[in-house]
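Everything below concerns the one structure shown next.
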Protein chains: 2
Amino acid sequence: MNRKISLAIVDDHPIVVQGLQMILTNNSDINVTGCFTSGSDFIEFLKNNEVDIVLLDIMLPDSNGMDVCKEIKSVSPNTCVLALSNHSERSIVMQMLQNGASGYLLKNVSVQELTNCIYEALNGEVAFSKAVKEILARPSANDLKGIPQLTKREKEVLQLIAEGKTTALMAKHLFVSPLTIETHRRNLLQKFEVKNVASLIKIAADHGLLKSIG
Amino acid sequence: MNRKISLAIVDDHPIVVQGLQMILTNNSDINVTGCFTSGSDFIEFLKNNEVDIVLLDIMLPDSNGMDVCKEIKSVSPNTCVLALSNHSERSIVMQMLQNGASGYLLKNVSVQELTNCIYEALNGEVAFSKAVKEILARPSANDLKGIPQLTKREKEVLQLIAEGKTTALMAKHLFVSPLTIETHRRNLLQKFEVKNVASLIKIAADHGLLKSIG
DNA sequence: TTTCTTCTACTGGTTTTCTGGTATTTTTTT
DNA sequence: AAAAAAATACCAGAAAACCAGTAGAAGAAA
């Protein structure tokens, strides 16, 4: 090993910071270079110091995690960002990753998982804690309101709508009257509690109800 | 250790089957209980035999992977299904998981990863190979055909359309004329080469261009 | 400065979706 | 056999989306 890994912690909860530090000082590869309670403090630090990886709480009081992450990556593209959060909402996870994070951990992460994820991230991989993988895998299972129960025909029509077919085309395709298709569409909108196909398709896609376009 | 893990392989490529068998016989915990070249053969077997985990190729000649997976879980809910595939399309991954798969591996998986994933799956976790995590994390970055380049305003409008807002509402929201919104929508349709918002939203969602609903 | 892109806005017309009803037939379940 | 659920079909009108073409103004890039 040539040199120690330079790691920073950004979190406004002293207890979390203490805990992380304790865990990480046991690891001889890792050097905790700095702890910060705000995103902007860390960005300043980053301008004059090299940091290999940062554990970033995404719920900071002053700024939001997304923006901090984006800024970190623009100031120092090679610094890995591991998002650390209590929030297990899928959309937040996705947004962080979209903004360049190397991974996402819930704060209930185990010590073993934490160190694994750090090494994975530094190795250029994407790192998730167990609970996060669960969220990414089964968006609907973690949903408050369940997916409406659809009939076979409704699923077919839903799929065809997503493929951009108009009522007339769908009717031909399924050998029924266009008026029947309209009824199905109407029932779909009602079941999903939306008022146009745009949101219908959005929600259906989020729930993994649609086939990918061949 | 009380008893060996019972593992089955379902794949129509003899070479893959051979390879998997070779790798797995080196592992004294695992007993390869059976190899099958079709989904229905395996389902039959499953009715009379206990299988802890099955490595399932999702591109079988006779049936499709989703349905086989669903059937496996209905015949034997405790059998873990690890999907094995060359296909790295996000929506396929999601569909398999939706249908009860415990994980998804691309066939370029390493030996180490494979065994890790098997243990993770048996342990009730969701298991992904490295490449799959990459896909889940950054849907857009892994696309073959590039996503059309969107302007800032177009992205905003796209998002609002996905949220089910009408032209009039979007116009109010963005403080512009409804006619301007219409133009943006039109440009979006043109850029994505589709002719209605349904397919627009479908494709945008597939590419991870939309925020998920909280 | 000129050019390119983006954002803005318009006219006018067509197609499709959406809304609120109703209702018969077929299939499934009890 | 009766009841419930699903698939089928219709009318008529309102609202929204879609199409084709044009074009000025602001801002960024050459």
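By convention in this document, chain letters (A, B, ...) are assigned in the order of the sequence lines, proteins followed by strands, and residues within each chain are numbered from 1. Being a predicted model, the structure only gives us computed values, none of them experimental.
Salt bridge annotation for B:Glu120-A:Lys130: absent, with no cationic side-chain nitrogen under 4.0 angstrom from a carboxylate oxygen. Classification of A:Lys107 and A:Asp57 as a salt-bridged pair holds, one side-chain N sitting under 4.0 Å from a carboxylate O. The pair B:Asp52-B:Arg3 meets the salt-bridge criterion, since a charged nitrogen lies less than 4.0 angstrom from a carboxylate oxygen.
Out of C:dT8, C:dT6, C:dC18, the shortest distance to the side chain of A:Leu189 is found at C:dC18. When distances are taken from the side chain of B:Arg186 to each of C:dC18, C:dC10, C:dT8, the shortest belongs to C:dC10.
B:Asn187 places its CG atom 10 Å from the P atom of C:dT6, with the value rounded to the nearest Å. We find that CD of B:Glu182 is positioned 16 Å from P of C:dT17, with the value rounded to whole Å. The distance from atom CZ of B:Phe175 to atom C1' of C:dA9 is 18 Å, rounded to the nearest whole Å. Computed from coordinates, the A:Arg185 CZ to C:dT19 C1' distance equals 11 Å when rounded to whole Å. If you take CD of A:Gln190 and P of C:dG21, they are 11 Å apart, rounded to a whole angstrom. Regarding A:Leu200, its CG atom lies at a distance of 12 Å from the P atom of C:dT19, rounded to whole Å. Between A:Met170 atom CE and C:dT15 atom P there is a gap of 17 Å when expressed in whole angstrom units. The separation between A:Glu193 atom CD and C:dT19 atom P is 13 Å, rounded to whole Å.
Remark: A:Asn99 CG to A:Ile58 CD1 distance equals 10.5 Å, nearest 0.5 Å.
Each of A:Val194 and B:Leu174 has a nearest nucleotide on DNA chain C; the 5'-most of these lies closest to B:Leu174. Checking A:Lys191 against A:Ser177, the closest nucleotide of DNA chain D that is more toward the 5' end is the one next to A:Lys191.
Counting non-hydrogen atoms of neighbouring residues, nucleotides and ligands closer than 6.0 angstrom, the CD atom of B:Gln21 exceeds 12 such neighbours.
Side-chain atoms of A:Ser129 and A:Tyr104 form no donor-acceptor pair, as typed in the model, at a separation below 3.5 Å.
Between chain A and DNA chain D, the heavy-atom contact criterion of under 4.0 Å yields a 5' to 3' nucleotide range of D:dA6 to D:dC10.
Counting any heavy atom pair closer than 4.0 Å across all strands shown, B:Thr180 reaches a base atom.
Of all the heavy atoms in B:Ala121 and B:Ile53, the pair that sits closest is CB-CD1, 3.9 Å.
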